[in-house]
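Here's the structure, in structure tokens; my notes come after.
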Amino acid sequence: MKIAILSRRSSLYSTRRLVEEARQRGHDVRVIDTLRCYMNIASHKPEIHYRGENLTGYDAVIPRIGASITFYGTAVLRQFEMMGVYPLNESVAISRARDKLRSLQLLSRKGIGLPVTGFAHSPDDVEDLIRMVGGAPMVIKLLEGTQGIGVVLAETQKAGESVIEAFMGLKQNILIQEFIKEAAGADIRCLVIGDKVVASMMRQAQEGEFRSNLHRGGSARAIKITPEERSTAVRAARAMGLNVAGVDILRSHHGPVVMEVNSSPGLEGIETATGKNIADQIIAFIEKNARPDHTRTRGKG
Ligand code: ADP
């Protein structure tokens, strides 16, 4: 097959691994720098040009679209879809997953476990907002944050009010969540491919930190998950419409709760922690599922 990987750089671990395994399985694979693509969107024959070349003949495209380029990245991916190229994850699904609020609303509609969560922009009654999510301690998040930046634990009512008021001053959308204390600074990353969790790891926050992001100094190890966690992760990926996803779960007193569904999950942490060849399984999934015009997005956007 002829496979395109949309990625800013071929030296990135996940991109490099996908290239390696695709070649290993006998495919013709090429890394395409998403931001360098330009497109003719008005033509009845959609085209993508890259370094002066008209990209044609691709069977599948693997989007590795960073959070900072979601808008342009999903537009390029949509163009591939309109050309009938099979996307590993569809553009609409990526857009859904990138919007924290939209994701939580979709997950909640499907009855998937979530932390009690409030959403606000400029609440006129902060006390009531805090009461709505069960009071202190609470976690307050900037909707736009990533890698744990903009995620604050407020241990008292007063601290919560101050943080919310400060965020309001920034004219930002904010999420207020019950603090899952019992997770004890650990979260579980489930790597979903199709309808299976193929690998899972537990990330533990550094001493004195509640955020387990590896970028914040957390450490990771392979972990066996429960059937309930497994089904939560698979249902969460399906609710987003993602074929491949990294589903982050916390272990709460009221069962597994989903934090986030990631549409371009990094492979380095999970391959290292579990010793599994995830890149190979992703390519195998594409071989099994890629067919021309096999996207619901075609013609819709
Ligand atoms: P980001 O998307 O920026 O990584 P998250 O919402 O995933 O932000 O939060 C970062 C980390 O903080 C999570 O992986 C988790 O360890 C911790 N965390 C976030 N929300 C809660 C919560 N409600 N209760 C307990 N821990 C939380």
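Remember, it's 1-based here, ligands and their atoms both numbered in the order they're listed.
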*Can you sort out the partners of His254 under ring pair (Phe, Tyr, Trp, His ring centres under 6.0 Å), two or more places apart, ordered by chain and number?*
none

*Classify the contact between Arg203 and ligand 1 as side chain, backbone, both or neither, using a heavy-atom distance cut-off of under 4.0 Å.*
neither

_Please tell me whether Thr117 and Gln177 have a donor and an acceptor in their side chains that are separated by less than 3.5 angstrom._
yes

*asked:* Please report whether ligand 1 has a polar contact with Val139, defined as an N or O pair separated by less than 3.5 Å (distance criterion only).
replied: no

*Look at the aromatic rings of Tyr58 and Phe80 and report parallel, tilted or perpendicular, splitting at 30° and 60°.*
perpendicular

*asked:* Taking only non-hydrogen atoms of Lys100, do any sit less than 4.0 angstrom from ligand 1?
replied: yes

_Does only the side chain of Leu250 get under 4.0 Å from ligand 1, or the backbone, or both, or neither? Count heavy atoms._
side chain

_Heavy-atom gap Met138 to ligand 1 smaller than 4.0 Å_ = no

*Tell me the ring-ring contact (aromatic ring centres under 6.0 Å, His included) pairs involving residues 169-207, sequence neighbours left out?*
Phe179-Phe210

*Which residue from Leu153, Asn213, Ile249 reaches closest to atom 4 (O) of ligand 1 through any of its heavy atoms?*
Asn213

*For ligand 1, indicate whether the residue Pro115 contacts it via side chain, backbone, both or neither (heavy-atom separation under 4.0 Å).*
neither

*Close approach, Asp187 and ligand 1, non-hydrogen under 4.0 angstrom*: yes

*Pick one of side chain, backbone, both or neither for how Gln177 approaches ligand 1, counting any non-hydrogen atom pair under 4.0 Å.*
side chain

